[in-house]
There are 2 protein chains.
Amino acid sequence: MESSNAASGGSTRREATRQKLYEAAVTLIAEQGFSATTVDEIAERAGVAKGTVYYNFASKSVLFEELLRHGVGLLTASLREAAERTARDGGTKVDALDAMVRAGLVFIDRYPSFTQLYVAELWRTNRTWQSTLMVVRQQAVAVVEGVLREGVENGEFSEEIDVALTASALVGMVLVAALDWKSFQPERSLDDVHSALSRLLQGRVSGRR
Amino acid sequence: MESSNAASGGSTRREATRQKLYEAAVTLIAEQGFSATTVDEIAERAGVAKGTVYYNFASKSVLFEELLRHGVGLLTASLREAAERTARDGGTKVDALDAMVRAGLVFIDRYPSFTQLYVAELWRTNRTWQSTLMVVRQQAVAVVEGVLREGVENGEFSEEIDVALTASALVGMVLVAALDWKSFQPERSLDDVHSALSRLLQGRVSGRR
DNA sequence: TTATTTGAACTGACTGGTCAGTGCAAAAAC
DNA sequence: GTTTTTGCACTGACCAGTCAGTTCAAATAA
């Protein structure tokens with residue numbers, strides 16, 4: 001168990017099957033919800049036998065939990081990368097936030113189903129994967145909070161801002177705007193959406209032109 | 001049929017039962033999701049027999065749909081009232097937005113389960129109540145869009161803002177901040193949360209004190 | 001007041017179907 | 001020769017929706 005053959009980073013046959021199962025599960029669960037999605041459906045869409053699902057995952061819940069971990073991991077890495085890149089290029093903290101907004105949009109553009117499913121589960125209670133969700137959420141939000149905190153320290157942001165709440169609000173702004181974009185105006189370009197959010201972020205809303 | 005005894009406006013026995021069922025369903029579905037919640041559970045929590053659920057609602061889905069309509073109706077009325085009150089008092093459009101942010105917070109404070117359930121369903125596709133959801137969503141968002149549009153017309157907001165997208169972003173800001181508040185820092189006061197969001201809304205984030 | 005009737009509201013055992021998870025022998029991939 | 005996948009039959013729990021029968025409250029009759 002825990003064989004971890006090939007240090008190359010995940011290209012065993014098993015890994016490929018798991019990936020197919022993730023992809024099948026993510027769209028189905030985003031559309032229908034976890035409980036309404038059957039294991040038979042997931043297997044069928046992945047082009048795999050039902051037994052294979054259980055050979056690769058202990059249960060339906062476990063499959064879902066690992067899917068959550070996997071997806072949020074990608075997002076967190078992407079946010080972190082955006083923040084670090086901006087810092088390296090000598091940008092301000094506002095620039096960093098803006099870069100993270102873009103990174104968020106790119107992520108949602110690429111994985112809309114995952115985002116949808118994540119939002120649907122995030123504030124639920126009494127579910128088995130609740131603790132997993134809590135952990136990964138915190139990892140992602142912490143990146144935003146970190147930038148805000150550094151901005152307060154270097155005087156770029158007011159000392160009176162509430163870091164945790166402001167981070168939530170910023171995440172919400174991007175999340176909802178992006179989900180609405182994808183759901184109701186999918187033809188718009190990412191740049192377009194990004195510039196609208198940038199304007200809001202930088203308070204260039206009030207006042208004439 | 002359609003007896004409608006007492007023109008007093010809704011205090012029949014039937015209405016009371018429906019109300020109990022709404023209350024039971026909203027918390028259970030918020031916690032577990034629609035599919036994972038059984039009709040037996042709803043009936044039990046409402047203190048009513050299963051048959052009564054089906055006497056009052058055609059199906060589990062219909063119960064849920066009417067619950068959605070009911071809840072979003074309350075929110076929309078509250079937002080509209082906030083906007084109109086501000087206008088009557090001679091406030092600016094920013095004041096109106098601020099009042100609506102507060103109205104949103106008050107709503108979420110009072111009906112956290114409903115909000116949670118609404119968010120979980122909003123961006124799903126392929127569900128029977130999708131069209132219902134679309135309609136009520138638009139009613140609520142339209143109130144925010146209206147204020148933004150009026151603000152652009154009277155020169156208070158830049159002509160370059162994207163009304164639909166900005167409205168989504170504002171809704172998201174309040175929604176996510178409030179849900180995080182309720183989930184992770186429920187001891188904080190509404191005023192506290194409101195003032196943090198006001199600061200963000202008015203762009204008083206950048207710059208020293 | 002008290003008895004009877006009426007129809008709406010409610011009850012809960014039951015049905016027919018669904019689905020997560022199992023077991024396993026044989027095939028395929030590596 | 002070891003790991004992984006397949007195919008498929010099977011089980012036991014669970015659940016949406018039904019329906020024949022019961023209760024309730026208000027109206028009418030006595």
| Given Leu148(B), Val141(B), Val147(B), Val143(B), the one that forms side chain to side chain contact (heavy atoms under 4.5 Å, CB included) with Glu145(B) |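 Output: one option passes, namely Val141(B).
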d([atom1], [X]; [atom2], [N]) in whole Å:
X        : N       : atom1 : atom2 : result
Glu44(B) : dT11(C) : CD    : C1'   : 15 Å
Glu15(A) : dT3(D)  : CD    : P     : 17 Å
Ile42(B) : dT11(C) : CD1   : C1'   : 17 Å
Phe57(A) : dT5(D)  : CZ    : P     : 10 Å

Check the phosphate of [N] against [X], side-chain N and O only, distance under 4.0 Å to OP1 or OP2. Yes or no?
X        : N      : answer
Tyr55(A) : dT5(D) : no
Thr17(A) : dT4(D) : no
Thr52(A) : dT6(D) : yes

Between protein and nucleotides 15-22 of chain D, what N or O pairs are separated by less than 3.5 Å?
unit_1  : atom_1 : unit_2   : atom_2 : d
dA16(D) : OP1    : Lys60(B) : NZ     : 3.2
dA16(D) : OP2    : Val39(B) : N      : 3.0
dA16(D) : N7     : Lys50(B) : NZ     : 2.8
dG17(D) : OP2    : Tyr54(B) : OH     : 3.0
dG17(D) : OP2    : Lys60(B) : N      : 3.2
dG17(D) : N7     : Lys50(B) : NZ     : 3.0
dG17(D) : O6     : Lys50(B) : NZ     : 2.9

| said: I'd like to know if the side chain of Glu65(B) reaches the main chain of Trp129(B), judged simply by a donor and an acceptor atom lying under 3.5 Å from each other, with no hydrogens or angles considered. | reply: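 Answer holds: no.
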| message | Tell me if the aromatic rings of Phe64(B) and Tyr22(B) count as close, with their centers under 6.0 Å from one another. | response | no
| task | Verify whether the ring centers belonging to Phe184(A) and Trp123(B) lie closer than 6.0 Å. | result | no
Show the distances under 3.5 angstrom between N or O atoms of the protein and N or O atoms of nucleotides 25-30 of chain C.
none

| task | Could you check whether the rings of Phe107(A) and Tyr111(A) sit parallel, tilted or perpendicular, using 30° and 60° as the cut-offs? | result |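 Taking Tyr111(A) first and then Phe107(A), their aromatic rings sit tilted (interplane angle of 30° to 60°).
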| Close side-chain approach of Leu197(A) and Leu105(A), heavy atoms under 4.5 Å |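 Answer yes - side chains close enough.
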| task | Answer yes if the side chains of Glu15(A) and Gln19(A) hold a donor-acceptor pair under 3.5 Å, and no otherwise. | result |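 Not at all, the side chains of Glu15(A) and Gln19(A) share no donor-acceptor pair under 3.5 Å.
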| Trace of the salt bridge (charged side-chain N to carboxylate O under 4.0 Å, His left out) decision for Glu150(B) with Lys93(B) | CA-CA 8 Å; Glu150(B) 290 162 16; Lys93(B) 294 304 171 189; 2.7 Å; yes
| task | Determine the contact category for Val48(B): base if any of its heavy atoms lies under 4.0 Å from a base atom, sugar-phosphate if only primed atoms, P, OP1 or OP2 are that close, otherwise nothing. | result |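 If one applies the 4.0 Å heavy-atom cut-off, Val48(B) turns out to touch the sugar-phosphate alone, with no base involved.
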| request: Measure from NZ or CZ of Lys60(B) to the centre of the six-membered ring of Phe34(B), then state whether that distance is under 6.0 Å and the direction lies within 45° of the axis. | output: yes
